[in-house]
Number of protein chains: 2
Amino acid sequence: MTEEQQLDRRDWIAGLEKGLKVIEAFNDAHPRLTPSTAARRTGITRTAARRYLLTLEHLGYVQTDGTHFWLTPRILRLGWSYFDSAKVPRAVQPFLQRISMELGGSAFFAVLDEDEVVFVARNGNGRVQSLGFVLGARIAANLASAGIVLLACRPPEEVGRWLEGRKFVPYTPHSMTNVDDVRAVIQAARGNGYCILEQQLEQGRRGIAVPVRTRAGEVVGAISVSLSIGNETTQQALSRTLPVLREAEHALLALL
Amino acid sequence: MTEEQQLDRRDWIAGLEKGLKVIEAFNDAHPRLTPSTAARRTGITRTAARRYLLTLEHLGYVQTDGTHFWLTPRILRLGWSYFDSAKVPRAVQPFLQRISMELGGSAFFAVLDEDEVVFVARNGNGRVQSLGFVLGARIAANLASAGIVLLACRPPEEVGRWLEGRKFVPYTPHSMTNVDDVRAVIQAARGNGYCILEQQLEQGRRGIAVPVRTRAGEVVGAISVSLSIGNETTQQALSRTLPVLREAEHALLALL
DNA sequence: TTCGATTGCGCGACAATCGCGCAGCGCGCA
DNA sequence: TGCGCGCTGCGCGATTGTCGCGCAATCGAA
(Lines give C-alpha, C1' and ligand atoms only; values in the text may rest on other atoms or scores of the structure.)
Protein backbone atom coordinates (compact mmCIF):
# COMPACT_ATOMS: atom_id res chain seq x y z
CA MET A 1 0.00 0.00 0.00
CA THR A 2 2.51 2.58 1.15
CA GLU A 3 5.50 2.52 -1.13
CA GLU A 4 8.63 2.41 0.90
CA GLN A 5 11.85 3.89 -0.32
CA GLN A 6 13.43 1.60 -2.79
CA LEU A 7 15.97 -0.54 -1.02
CA ASP A 8 19.38 -0.38 0.51
CA ARG A 9 20.72 -3.00 -1.86
CA ARG A 10 23.44 -4.08 0.51
CA ASP A 11 21.19 -4.51 3.52
CA TRP A 12 18.99 -6.93 1.69
CA ILE A 13 18.93 -10.65 2.39
CA ALA A 14 17.48 -12.26 -0.69
CA GLY A 15 17.43 -15.70 0.85
CA LEU A 16 15.09 -14.65 3.61
CA GLU A 17 12.51 -13.21 1.26
CA LYS A 18 12.56 -16.31 -0.90
CA GLY A 19 12.29 -18.61 2.07
CA LEU A 20 9.25 -16.81 3.43
CA LYS A 21 7.72 -16.85 -0.03
CA VAL A 22 8.17 -20.59 -0.12
CA ILE A 23 6.39 -20.97 3.21
CA GLU A 24 3.51 -18.82 2.05
CA ALA A 25 3.28 -20.80 -1.16
CA PHE A 26 1.50 -23.49 0.82
CA ASN A 27 -2.23 -22.99 1.16
CA ASP A 28 -5.57 -24.67 0.93
CA ALA A 29 -5.28 -25.40 -2.77
CA HIS A 30 -1.64 -26.40 -2.48
CA PRO A 31 -1.15 -28.26 0.76
CA ARG A 32 1.76 -30.25 -0.63
CA LEU A 33 4.36 -28.86 -2.95
CA THR A 34 7.08 -30.36 -5.08
CA PRO A 35 10.16 -28.32 -5.88
CA SER A 36 8.75 -27.57 -9.32
CA THR A 37 5.37 -26.36 -8.15
CA ALA A 38 6.95 -24.35 -5.37
CA ALA A 39 9.20 -22.75 -7.95
CA ARG A 40 6.25 -21.84 -10.14
CA ARG A 41 4.28 -20.40 -7.25
CA THR A 42 7.11 -18.32 -5.90
CA GLY A 43 8.75 -17.27 -9.12
CA ILE A 44 12.15 -18.61 -8.17
CA THR A 45 14.11 -21.33 -9.87
CA ARG A 46 13.33 -24.96 -9.40
CA THR A 47 16.84 -25.65 -8.14
CA ALA A 48 16.61 -22.80 -5.69
CA ALA A 49 13.14 -23.77 -4.50
CA ARG A 50 14.41 -27.24 -3.83
CA ARG A 51 17.25 -25.85 -1.76
CA TYR A 52 14.88 -23.77 0.31
CA LEU A 53 12.56 -26.69 0.88
CA LEU A 54 15.46 -28.88 1.93
CA THR A 55 16.65 -26.22 4.31
CA LEU A 56 13.18 -25.83 5.81
CA GLU A 57 12.98 -29.57 6.18
CA HIS A 58 16.27 -29.69 8.00
CA LEU A 59 15.02 -26.99 10.33
CA GLY A 60 11.84 -28.95 10.99
CA TYR A 61 9.41 -26.51 9.42
CA VAL A 62 8.41 -28.85 6.62
CA GLN A 63 8.36 -32.58 6.12
CA THR A 64 8.87 -34.55 2.97
CA ASP A 65 8.36 -38.02 1.55
CA GLY A 66 11.14 -37.45 -0.92
CA THR A 67 9.31 -35.53 -3.58
CA HIS A 68 6.43 -33.76 -1.87
CA PHE A 69 6.84 -31.30 0.96
CA TRP A 70 4.29 -30.11 3.50
CA LEU A 71 4.32 -27.74 6.44
CA THR A 72 4.63 -28.96 10.01
CA PRO A 73 3.17 -27.31 13.12
CA ARG A 74 6.62 -26.00 13.81
CA ILE A 75 5.62 -23.16 11.54
CA LEU A 76 3.25 -22.00 14.24
CA ARG A 77 6.19 -21.05 16.39
CA LEU A 78 6.64 -18.06 14.14
CA GLY A 79 3.13 -16.77 14.66
CA TRP A 80 3.54 -17.55 18.30
CA SER A 81 6.43 -15.18 18.49
CA TYR A 82 3.99 -12.49 17.50
CA PHE A 83 1.30 -13.38 20.03
CA ASP A 84 3.95 -13.69 22.67
CA SER A 85 5.48 -10.32 21.96
CA ALA A 86 2.46 -8.25 20.98
CA LYS A 87 1.23 -6.56 24.11
CA VAL A 88 -1.90 -4.92 22.85
CA PRO A 89 -3.78 -8.12 21.97
CA ARG A 90 -3.14 -9.39 25.46
CA ALA A 91 -4.14 -6.13 27.05
CA VAL A 92 -7.52 -6.17 25.36
CA GLN A 93 -8.26 -9.80 26.16
CA PRO A 94 -10.10 -9.18 29.46
CA PHE A 95 -12.15 -6.46 27.81
CA LEU A 96 -13.17 -8.81 25.04
CA GLN A 97 -14.25 -11.30 27.63
CA ARG A 98 -16.47 -8.82 29.36
CA ILE A 99 -17.92 -7.54 26.10
CA SER A 100 -18.82 -10.99 24.86
CA MET A 101 -20.41 -11.85 28.18
CA GLU A 102 -22.44 -8.67 28.40
CA LEU A 103 -23.57 -8.65 24.79
CA GLY A 104 -23.81 -12.36 24.14
CA GLY A 105 -21.72 -12.59 21.03
CA SER A 106 -18.13 -13.03 20.00
CA ALA A 107 -15.78 -10.14 20.60
CA PHE A 108 -12.67 -9.55 18.52
CA PHE A 109 -9.66 -7.36 18.41
CA ALA A 110 -8.40 -6.74 14.91
CA VAL A 111 -5.67 -4.81 13.14
CA LEU A 112 -5.07 -3.85 9.56
CA ASP A 113 -2.42 -5.48 7.39
CA GLU A 114 -2.34 -3.95 3.95
CA ASP A 115 -5.81 -4.50 2.54
CA GLU A 116 -6.81 -7.20 4.95
CA VAL A 117 -8.07 -7.13 8.49
CA VAL A 118 -6.41 -9.60 10.83
CA PHE A 119 -8.10 -10.88 13.97
CA VAL A 120 -5.46 -11.13 16.64
CA ALA A 121 -7.55 -11.65 19.76
CA ARG A 122 -10.96 -13.00 20.41
CA ASN A 123 -13.32 -14.17 23.05
CA GLY A 124 -16.72 -15.60 22.79
CA ASN A 125 -18.98 -18.54 23.26
CA GLY A 126 -18.67 -19.31 19.61
CA ARG A 127 -21.59 -21.60 19.17
CA VAL A 128 -21.58 -21.16 15.46
CA GLN A 129 -17.87 -21.25 14.92
CA SER A 130 -18.00 -24.42 12.92
CA LEU A 131 -15.65 -22.99 10.37
CA GLY A 132 -13.37 -22.12 13.19
CA PHE A 133 -12.60 -18.47 13.44
CA VAL A 134 -9.02 -18.95 14.43
CA LEU A 135 -6.65 -16.29 15.55
CA GLY A 136 -4.65 -14.82 12.76
CA ALA A 137 -7.56 -15.21 10.39
CA ARG A 138 -7.67 -12.50 7.76
CA ILE A 139 -10.24 -11.30 5.27
CA ALA A 140 -10.65 -8.36 2.95
CA ALA A 141 -11.03 -5.26 5.09
CA ASN A 142 -14.35 -4.22 3.59
CA LEU A 143 -16.12 -7.35 4.78
CA ALA A 144 -15.78 -6.75 8.51
CA SER A 145 -16.92 -3.84 10.63
CA ALA A 146 -13.49 -3.75 12.22
CA GLY A 147 -11.89 -3.42 8.82
CA ILE A 148 -14.14 -0.54 7.84
CA VAL A 149 -13.59 1.33 11.04
CA LEU A 150 -9.84 0.90 10.71
CA LEU A 151 -9.93 2.14 7.15
CA ALA A 152 -11.89 5.12 8.37
CA CYS A 153 -8.99 5.99 10.65
CA ARG A 154 -6.51 6.18 7.79
CA PRO A 155 -5.95 9.36 5.83
CA PRO A 156 -8.86 9.81 3.39
CA GLU A 157 -6.62 10.11 0.34
CA GLU A 158 -4.94 6.84 1.19
CA VAL A 159 -8.33 5.17 1.46
CA GLY A 160 -9.28 6.77 -1.81
CA ARG A 161 -6.34 5.16 -3.50
CA TRP A 162 -7.15 1.93 -1.71
CA LEU A 163 -10.64 1.92 -3.18
CA GLU A 164 -9.45 2.59 -6.69
CA GLY A 165 -10.12 -0.26 -9.03
CA ARG A 166 -10.67 -2.73 -6.22
CA LYS A 167 -12.70 -5.83 -6.84
CA PHE A 168 -15.03 -6.91 -4.05
CA VAL A 169 -15.81 -10.58 -3.86
CA PRO A 170 -19.17 -11.08 -2.13
CA TYR A 171 -19.48 -13.55 0.73
CA THR A 172 -23.23 -13.31 1.08
CA PRO A 173 -26.04 -12.01 -1.14
CA HIS A 174 -25.89 -8.83 0.92
CA SER A 175 -22.16 -8.20 0.50
CA MET A 176 -21.36 -4.82 -0.99
CA THR A 177 -19.75 -5.08 -4.39
CA ASN A 178 -19.96 -1.44 -5.33
CA VAL A 179 -17.05 0.90 -4.65
CA ASP A 180 -19.39 3.75 -3.80
CA ASP A 181 -21.23 1.74 -1.20
CA VAL A 182 -17.98 0.86 0.53
CA ARG A 183 -16.82 4.44 0.36
CA ALA A 184 -20.06 5.61 1.93
CA VAL A 185 -19.75 3.14 4.76
CA ILE A 186 -16.20 4.23 5.44
CA GLN A 187 -17.22 7.87 5.48
CA ALA A 188 -20.06 7.14 7.84
CA ALA A 189 -17.67 5.31 10.13
CA ARG A 190 -15.28 8.23 10.02
CA GLY A 191 -18.05 10.56 11.12
CA ASN A 192 -19.58 8.34 13.76
CA GLY A 193 -16.49 6.78 15.23
CA TYR A 194 -18.01 3.35 14.87
CA CYS A 195 -19.10 1.01 12.13
CA ILE A 196 -21.99 -1.37 11.85
CA LEU A 197 -22.17 -3.92 9.10
CA GLU A 198 -24.90 -6.45 8.48
CA GLN A 199 -24.64 -9.78 6.74
CA GLN A 200 -21.51 -8.85 4.83
CA LEU A 201 -19.52 -11.87 5.88
CA GLU A 202 -22.16 -14.21 7.17
CA GLN A 203 -25.92 -14.38 6.84
CA GLY A 204 -27.93 -13.39 9.87
CA ARG A 205 -25.02 -11.72 11.64
CA ARG A 206 -24.07 -8.15 12.22
CA GLY A 207 -20.85 -6.66 13.43
CA ILE A 208 -20.23 -3.45 15.31
CA ALA A 209 -16.74 -2.05 15.75
CA VAL A 210 -15.00 0.90 17.36
CA PRO A 211 -11.36 1.94 17.01
CA VAL A 212 -8.87 1.63 19.84
CA ARG A 213 -6.32 4.38 20.30
CA THR A 214 -3.42 5.14 22.57
CA ARG A 215 -3.36 8.31 24.57
CA ALA A 216 -1.14 9.68 21.83
CA GLY A 217 -4.05 9.23 19.46
CA GLU A 218 -2.43 6.44 17.47
CA VAL A 219 -4.87 3.82 16.27
CA VAL A 220 -3.67 0.40 17.37
CA GLY A 221 -6.63 -1.68 16.26
CA ALA A 222 -10.35 -2.10 16.59
CA ILE A 223 -12.67 -3.92 18.92
CA SER A 224 -15.63 -5.55 17.29
CA VAL A 225 -18.50 -7.73 18.35
CA SER A 226 -20.35 -10.15 16.17
CA LEU A 227 -24.02 -10.63 16.99
CA SER A 228 -26.86 -12.72 15.72
CA ILE A 229 -29.40 -10.40 14.16
CA GLY A 230 -32.48 -12.26 15.30
CA ASN A 231 -35.33 -9.82 15.25
CA GLU A 232 -33.43 -6.97 16.77
CA THR A 233 -33.43 -3.81 14.73
CA THR A 234 -30.26 -2.04 13.78
CA GLN A 235 -31.08 0.79 16.15
CA GLN A 236 -31.81 -1.51 19.02
CA ALA A 237 -28.53 -3.33 18.49
CA LEU A 238 -26.63 -0.08 18.33
CA SER A 239 -28.05 1.44 21.46
CA ARG A 240 -27.46 -1.80 23.30
CA THR A 241 -23.89 -2.43 22.18
CA LEU A 242 -22.32 0.93 21.56
CA PRO A 243 -22.16 2.02 25.22
CA VAL A 244 -20.39 -1.20 26.13
CA LEU A 245 -17.88 -0.87 23.31
CA ARG A 246 -17.34 2.80 24.07
CA GLU A 247 -16.67 2.00 27.69
CA ALA A 248 -14.00 -0.51 26.72
CA GLU A 249 -12.58 1.99 24.27
CA HIS A 250 -12.14 4.58 26.98
CA ALA A 251 -10.82 2.15 29.54
CA LEU A 252 -8.21 1.00 27.04
CA LEU A 253 -7.31 4.56 26.20
CA ALA A 254 -6.22 4.97 29.78
CA LEU A 255 -3.80 2.09 29.82
CA LEU A 256 -2.25 2.12 26.36
CA MET B 1 15.02 -35.27 19.19
CA THR B 2 15.79 -37.43 16.17
CA GLU B 3 19.18 -36.56 14.78
CA GLU B 4 18.98 -36.08 11.07
CA GLN B 5 21.83 -36.86 8.78
CA GLN B 6 24.39 -34.18 8.93
CA LEU B 7 23.74 -31.75 6.11
CA ASP B 8 24.08 -31.42 2.39
CA ARG B 9 26.32 -28.42 2.65
CA ARG B 10 25.46 -27.14 -0.77
CA ASP B 11 21.69 -27.40 -0.37
CA TRP B 12 21.72 -25.23 2.68
CA ILE B 13 20.42 -21.67 2.74
CA ALA B 14 22.08 -20.05 5.70
CA GLY B 15 20.12 -16.85 5.31
CA LEU B 16 16.79 -18.58 5.80
CA GLU B 17 17.80 -20.21 9.05
CA LYS B 18 19.12 -16.95 10.42
CA GLY B 19 16.03 -15.05 9.37
CA LEU B 20 13.71 -17.49 11.09
CA LYS B 21 15.90 -17.36 14.15
CA VAL B 22 15.54 -13.62 14.20
CA ILE B 23 11.75 -13.90 14.05
CA GLU B 24 11.71 -16.40 16.89
CA ALA B 25 13.97 -14.18 18.94
CA PHE B 26 10.92 -12.06 19.71
CA ASN B 27 8.88 -13.24 22.68
CA ASP B 28 7.15 -12.13 25.80
CA ALA B 29 10.32 -11.01 27.53
CA HIS B 30 11.69 -9.41 24.39
CA PRO B 31 8.82 -7.83 22.49
CA ARG B 32 11.10 -5.24 20.92
CA LEU B 33 14.61 -5.92 19.74
CA THR B 34 17.49 -3.76 18.69
CA PRO B 35 20.06 -5.12 16.26
CA SER B 36 22.42 -5.78 19.16
CA THR B 37 19.95 -7.68 21.31
CA ALA B 38 18.73 -9.64 18.33
CA ALA B 39 22.31 -10.54 17.57
CA ARG B 40 22.88 -11.75 21.11
CA ARG B 41 19.71 -13.80 21.17
CA THR B 42 20.34 -15.47 17.84
CA GLY B 43 24.07 -15.88 17.97
CA ILE B 44 24.69 -14.04 14.73
CA THR B 45 26.63 -10.86 14.20
CA ARG B 46 25.20 -7.51 15.01
CA THR B 47 25.72 -6.32 11.48
CA ALA B 48 24.04 -9.40 10.10
CA ALA B 49 21.14 -9.18 12.55
CA ARG B 50 20.58 -5.62 11.48
CA ARG B 51 20.47 -6.69 7.85
CA TYR B 52 17.90 -9.37 8.60
CA LEU B 53 15.75 -6.97 10.58
CA LEU B 54 15.87 -4.43 7.81
CA THR B 55 14.92 -7.06 5.28
CA LEU B 56 12.02 -8.21 7.44
CA GLU B 57 10.93 -4.62 7.80
CA HIS B 58 10.98 -4.09 4.07
CA LEU B 59 8.87 -7.20 3.66
CA GLY B 60 6.40 -5.90 6.25
CA TYR B 61 6.96 -8.56 8.87
CA VAL B 62 8.45 -6.16 11.39
CA GLN B 63 8.20 -2.46 12.07
CA THR B 64 10.77 -0.12 13.46
CA ASP B 65 11.11 3.31 14.97
CA GLY B 66 14.68 3.48 13.80
CA THR B 67 16.39 1.56 16.55
CA HIS B 68 13.84 -0.84 17.97
CA PHE B 69 12.06 -3.47 15.89
CA TRP B 70 8.84 -5.34 16.64
CA LEU B 71 6.79 -7.95 14.85
CA THR B 72 3.68 -7.08 12.86
CA PRO B 73 0.61 -9.25 12.34
CA ARG B 74 1.96 -10.01 8.91
CA ILE B 75 3.91 -12.74 10.65
CA LEU B 76 0.63 -14.56 11.17
CA ARG B 77 0.42 -15.19 7.46
CA LEU B 78 3.08 -17.82 7.93
CA GLY B 79 1.14 -19.75 10.54
CA TRP B 80 -1.91 -19.24 8.41
CA SER B 81 -0.24 -21.10 5.59
CA TYR B 82 -0.12 -24.05 7.91
CA PHE B 83 -3.76 -23.89 8.99
CA ASP B 84 -4.76 -23.39 5.41
CA SER B 85 -2.82 -26.35 4.13
CA ALA B 86 -3.13 -28.81 6.99
CA LYS B 87 -6.17 -30.90 6.25
CA VAL B 88 -6.37 -32.95 9.42
CA PRO B 89 -7.06 -30.06 11.79
CA ARG B 90 -9.93 -29.00 9.60
CA ALA B 91 -11.26 -32.51 9.29
CA VAL B 92 -11.48 -32.91 13.05
CA GLN B 93 -13.13 -29.53 13.65
CA PRO B 94 -16.75 -30.73 13.45
CA PHE B 95 -15.91 -33.61 15.77
CA LEU B 96 -14.42 -31.24 18.30
CA GLN B 97 -17.57 -29.22 18.17
CA ARG B 98 -19.74 -32.20 18.92
CA ILE B 99 -17.46 -33.39 21.68
CA SER B 100 -17.41 -30.07 23.44
CA MET B 101 -21.16 -29.78 23.19
CA GLU B 102 -21.84 -33.26 24.48
CA LEU B 103 -19.31 -33.17 27.30
CA GLY B 104 -19.49 -29.53 28.24
CA GLY B 105 -15.83 -28.66 28.05
CA SER B 106 -13.25 -27.53 25.56
CA ALA B 107 -12.12 -30.00 22.93
CA PHE B 108 -8.72 -29.86 21.28
CA PHE B 109 -6.78 -31.48 18.53
CA ALA B 110 -3.07 -31.57 19.19
CA VAL B 111 0.10 -32.83 17.57
CA LEU B 112 3.62 -33.36 18.79
CA ASP B 113 6.50 -31.11 17.82
CA GLU B 114 9.74 -32.28 19.35
CA ASP B 115 9.15 -32.23 23.10
CA GLU B 116 6.15 -29.98 23.00
CA VAL B 117 2.51 -30.58 22.24
CA VAL B 118 0.92 -28.06 19.90
CA PHE B 119 -2.80 -27.37 19.86
CA VAL B 120 -3.83 -26.92 16.26
CA ALA B 121 -7.60 -27.03 16.50
CA ARG B 122 -10.08 -26.36 19.23
CA ASN B 123 -13.69 -25.85 19.99
CA GLY B 124 -15.38 -25.00 23.19
CA ASN B 125 -17.37 -22.58 25.21
CA GLY B 126 -14.19 -21.43 26.88
CA ARG B 127 -15.63 -19.66 29.85
CA VAL B 128 -12.34 -19.78 31.64
CA GLN B 129 -10.14 -18.93 28.73
CA SER B 130 -9.05 -15.64 30.17
CA LEU B 131 -5.47 -16.41 29.34
CA GLY B 132 -6.63 -17.18 25.88
CA PHE B 133 -5.83 -20.65 24.75
CA VAL B 134 -4.99 -19.67 21.25
CA LEU B 135 -4.31 -21.96 18.38
CA GLY B 136 -0.70 -22.82 17.96
CA ALA B 137 -0.18 -22.74 21.70
CA ARG B 138 2.44 -25.18 22.85
CA ILE B 139 3.51 -26.59 26.18
CA ALA B 140 5.77 -29.35 27.41
CA ALA B 141 4.25 -32.64 26.30
CA ASN B 142 4.07 -34.10 29.80
CA LEU B 143 1.67 -31.44 31.03
CA ALA B 144 -1.25 -32.29 28.77
CA SER B 145 -3.14 -35.51 28.34
CA ALA B 146 -2.80 -35.15 24.59
CA GLY B 147 0.94 -34.91 24.95
CA ILE B 148 1.15 -38.05 27.06
CA VAL B 149 -1.02 -40.05 24.73
CA LEU B 150 1.04 -38.96 21.75
CA LEU B 151 4.25 -39.88 23.50
CA ALA B 152 2.71 -43.25 24.24
CA CYS B 153 2.33 -43.79 20.51
CA ARG B 154 6.02 -43.30 19.83
CA PRO B 155 8.51 -46.16 19.99
CA PRO B 156 9.22 -46.89 23.69
CA GLU B 157 12.98 -46.53 23.31
CA GLU B 158 12.55 -43.09 21.80
CA VAL B 159 10.38 -42.09 24.74
CA GLY B 160 12.98 -43.55 27.05
CA ARG B 161 15.60 -41.28 25.56
CA TRP B 162 13.14 -38.43 25.71
CA LEU B 163 12.68 -38.89 29.42
CA GLU B 164 16.40 -39.05 30.13
CA GLY B 165 17.57 -36.17 32.22
CA ARG B 166 14.50 -34.11 31.53
CA LYS B 167 13.52 -31.36 33.90
CA PHE B 168 9.82 -30.94 34.56
CA VAL B 169 8.68 -27.51 35.52
CA PRO B 170 5.46 -27.75 37.57
CA TYR B 171 2.48 -25.61 36.63
CA THR B 172 0.37 -26.52 39.64
CA PRO B 173 1.11 -28.10 43.02
CA HIS B 174 -0.07 -31.37 41.48
CA SER B 175 2.21 -31.30 38.46
CA MET B 176 4.43 -34.34 38.17
CA THR B 177 8.08 -33.52 38.56
CA ASN B 178 9.38 -37.06 38.84
CA VAL B 179 10.59 -38.91 35.75
CA ASP B 180 9.19 -42.20 37.00
CA ASP B 181 5.74 -40.76 37.46
CA VAL B 182 5.71 -39.48 33.91
CA ARG B 183 7.02 -42.77 32.62
CA ALA B 184 4.27 -44.63 34.45
CA VAL B 185 1.60 -42.38 33.00
CA ILE B 186 2.94 -42.90 29.52
CA GLN B 187 2.99 -46.66 29.96
CA ALA B 188 -0.53 -46.62 31.27
CA ALA B 189 -1.60 -44.60 28.26
CA ARG B 190 0.13 -47.04 25.96
CA GLY B 191 -1.79 -49.89 27.49
CA ASN B 192 -5.17 -48.20 27.70
CA GLY B 193 -5.17 -46.28 24.47
CA TYR B 194 -6.16 -43.14 26.31
CA CYS B 195 -4.74 -40.80 28.92
CA ILE B 196 -6.31 -38.94 31.78
CA LEU B 197 -4.43 -36.23 33.61
CA GLU B 198 -5.67 -34.18 36.52
CA GLN B 199 -4.58 -30.72 37.56
CA GLN B 200 -1.27 -30.90 35.78
CA LEU B 201 -1.68 -27.70 33.86
CA GLU B 202 -4.47 -25.96 35.69
CA GLN B 203 -6.05 -26.42 39.09
CA GLY B 204 -9.47 -27.99 39.13
CA ARG B 205 -9.29 -29.28 35.58
CA ARG B 206 -8.71 -32.66 34.08
CA GLY B 207 -7.92 -33.68 30.55
CA ILE B 208 -8.72 -36.89 28.73
CA ALA B 209 -7.15 -37.70 25.37
CA VAL B 210 -7.19 -40.41 22.75
CA PRO B 211 -4.92 -40.77 19.72
CA VAL B 212 -6.17 -40.27 16.17
CA ARG B 213 -4.87 -42.57 13.45
CA THR B 214 -5.25 -43.00 9.75
CA ARG B 215 -6.43 -46.27 8.32
CA ALA B 216 -2.76 -47.01 7.70
CA GLY B 217 -2.25 -46.87 11.45
CA GLU B 218 -0.20 -43.70 11.37
CA VAL B 219 -0.78 -41.44 14.35
CA VAL B 220 -1.68 -37.97 13.14
CA GLY B 221 -2.53 -36.35 16.45
CA ALA B 222 -4.72 -36.61 19.50
CA ILE B 223 -8.15 -35.43 20.49
CA SER B 224 -8.47 -34.20 24.03
CA VAL B 225 -11.15 -32.66 26.14
CA SER B 226 -10.60 -30.40 29.12
CA LEU B 227 -13.19 -30.63 31.88
CA SER B 228 -13.84 -28.96 35.15
CA ILE B 229 -13.38 -31.55 37.88
CA GLY B 230 -16.18 -30.34 40.14
CA ASN B 231 -17.14 -33.24 42.33
CA GLU B 232 -17.05 -35.82 39.62
CA THR B 233 -14.80 -38.77 40.33
CA THR B 234 -12.14 -39.88 37.92
CA GLN B 235 -14.11 -43.01 37.11
CA GLN B 236 -17.30 -41.10 36.50
CA ALA B 237 -15.52 -38.72 34.18
CA LEU B 238 -13.91 -41.55 32.28
CA SER B 239 -17.05 -43.56 31.74
CA ARG B 240 -18.84 -40.42 30.64
CA THR B 241 -16.25 -39.11 28.22
CA LEU B 242 -14.38 -42.09 26.85
CA PRO B 243 -17.26 -43.42 24.73
CA VAL B 244 -17.68 -40.04 23.10
CA LEU B 245 -13.99 -39.70 22.36
CA ARG B 246 -13.77 -43.26 21.12
CA GLU B 247 -16.66 -42.67 18.79
CA ALA B 248 -14.93 -39.67 17.29
CA GLU B 249 -11.72 -41.66 17.05
CA HIS B 250 -13.41 -44.36 15.01
CA ALA B 251 -15.32 -41.98 12.83
CA LEU B 252 -12.11 -40.18 12.01
CA LEU B 253 -10.36 -43.43 11.29
CA ALA B 254 -12.83 -43.98 8.49
CA LEU B 255 -12.15 -40.71 6.73
CA LEU B 256 -8.42 -40.19 7.12
C1' DT C 1 7.54 -48.80 -25.87
C1' DT C 2 7.77 -43.80 -26.43
C1' DC C 3 7.05 -39.36 -25.07
C1' DG C 4 6.89 -35.38 -21.87
C1' DA C 5 7.74 -33.72 -17.54
C1' DT C 6 9.55 -34.73 -13.62
C1' DT C 7 13.44 -35.63 -10.43
C1' DG C 8 18.51 -35.16 -8.04
C1' DC C 9 22.92 -33.52 -8.64
C1' DG C 10 27.60 -31.64 -10.18
C1' DC C 11 29.90 -27.68 -11.59
C1' DG C 12 31.85 -23.19 -12.62
C1' DA C 13 30.96 -18.36 -11.95
C1' DC C 14 29.27 -14.54 -10.01
C1' DA C 15 27.46 -11.65 -6.66
C1' DA C 16 25.39 -11.70 -2.47
C1' DT C 17 26.57 -11.90 2.20
C1' DC C 18 29.96 -11.53 5.62
C1' DG C 19 32.23 -9.12 9.70
C1' DC C 20 35.77 -5.86 10.72
C1' DG C 21 36.53 -1.22 11.89
C1' DC C 22 35.50 3.54 11.98
C1' DA C 23 32.96 7.70 13.53
C1' DG C 24 28.97 9.68 15.71
C1' DC C 25 25.68 9.68 19.35
C1' DG C 26 23.09 9.04 23.84
C1' DC C 27 23.22 8.08 28.59
C1' DG C 28 24.78 7.30 33.33
C1' DC C 29 28.08 8.23 36.77
C1' DA C 30 31.86 10.41 39.00
C1' DT D 1 30.82 19.18 33.52
C1' DG D 2 33.24 15.68 31.20
C1' DC D 3 34.66 11.11 30.90
C1' DG D 4 33.60 6.58 29.10
C1' DC D 5 30.85 2.75 27.99
C1' DG D 6 27.83 0.81 24.68
C1' DC D 7 25.06 1.66 21.30
C1' DT D 8 24.21 3.18 16.48
C1' DG D 9 24.78 3.29 10.98
C1' DC D 10 27.82 2.55 7.35
C1' DG D 11 31.76 1.67 4.03
C1' DC D 12 34.81 -1.68 2.34
C1' DG D 13 37.40 -5.66 0.79
C1' DA D 14 37.33 -10.62 0.88
C1' DT D 15 35.21 -15.07 0.53
C1' DT D 16 31.85 -18.07 0.61
C1' DG D 17 27.45 -19.00 -0.11
C1' DT D 18 24.10 -19.05 -3.63
C1' DC D 19 22.90 -19.22 -8.36
C1' DG D 20 21.03 -21.65 -12.54
C1' DC D 21 22.52 -24.31 -16.38
C1' DG D 22 22.78 -28.92 -18.09
C1' DC D 23 23.03 -33.75 -17.68
C1' DA D 24 21.19 -38.45 -16.65
C1' DA D 25 17.84 -41.04 -14.32
C1' DT D 26 13.02 -41.70 -13.23
C1' DC D 27 8.05 -41.66 -13.32
C1' DG D 28 3.46 -42.08 -15.41
C1' DA D 29 0.25 -41.87 -19.13
C1' DA D 30 -0.80 -42.68 -23.93
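Naming convention: chains lettered A, B, ... in sequence-line order (proteins, then strands); numbering from 1 in each chain.
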Engineer: Parallel, tilted or perpendicular: which one describes the rings of A:W162 and A:F168, with boundaries at 30° and 60°?
Structural biologist: tilted

Engineer: To the nearest Å, how far apart are A:L53 CG and C:dC9 P?
Structural biologist: 14 Å

Engineer: Nearest-Å distance, NE2 (A:H68) to C1' (C:dA5)?
Structural biologist: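 Whole-Å distance recorded here is 13 Å.
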
Engineer: Looking only at side-chain N and O atoms, does A:R40 come under 4.0 Å of OP1 or OP2 in C:dT6?
Structural biologist: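 The answer is yes; a side-chain N or O of A:R40 sits under 4.0 Å from OP1 or OP2.
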
Engineer: Please convert DNA chain C into dot-bracket. A pair counts if it is Watson-Crick or G-U wobble with both distances under 3.5 Å; crossing pairs go in [ ] and bases paired with another strand get |.
Structural biologist: ||||||||||||||||||||||||||||||

Engineer: Of all residues at least two apart in sequence or in a different chain, which pass the salt bridge (Lys or Arg N to Asp or Glu O under 4.0 Å) check with B:E116?
Structural biologist: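 Only B:R138 meet the salt bridge (Lys or Arg N to Asp or Glu O under 4.0 Å) criterion with B:E116.
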
Engineer: Can you tell me if B:S85 uses its side chain to pair, donor with acceptor, with the backbone of A:D28 under 3.5 Å?
Structural biologist: no

Engineer: What is the distance from CZ of B:R50 to P of D:dG11, rounded to the nearest Å?
Structural biologist: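 Whole-Å distance recorded here is 10 Å.
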
Engineer: If I compare all heavy atoms of A:H30 with all of A:L33, which pair ends up nearest, and what's the gap?
Structural biologist: CB-CD2, 3.7 Å

Engineer: Which residues pass the salt bridge (Lys or Arg N to Asp or Glu O under 4.0 Å) test with A:R41, sequence neighbours left out?
Structural biologist: none

Engineer: How would you list, by chain and number, every residue that makes a salt bridge (Lys or Arg N to Asp or Glu O under 4.0 Å) with B:R77, sequence neighbours excluded?
Structural biologist: A:E24

Engineer: Could I get the full list of salt bridge (Lys or Arg N to Asp or Glu O under 4.0 Å) partners for B:R183, not counting sequence neighbours?
Structural biologist: B:D180

Engineer: Find the distance between CZ (B:R32) and OG1 (B:T67) and round it off to the nearest 0.5 Å.
Structural biologist: 7.0 Å

Engineer: When every nucleotide of nucleotides 13-22 of chain C is labelled 5' to 3' by its protein contacts under 4.0 Å (heavy atoms), B for base, S for sugar-phosphate only, - for none, what sequence of letters results?
Structural biologist: ----BBBBB-

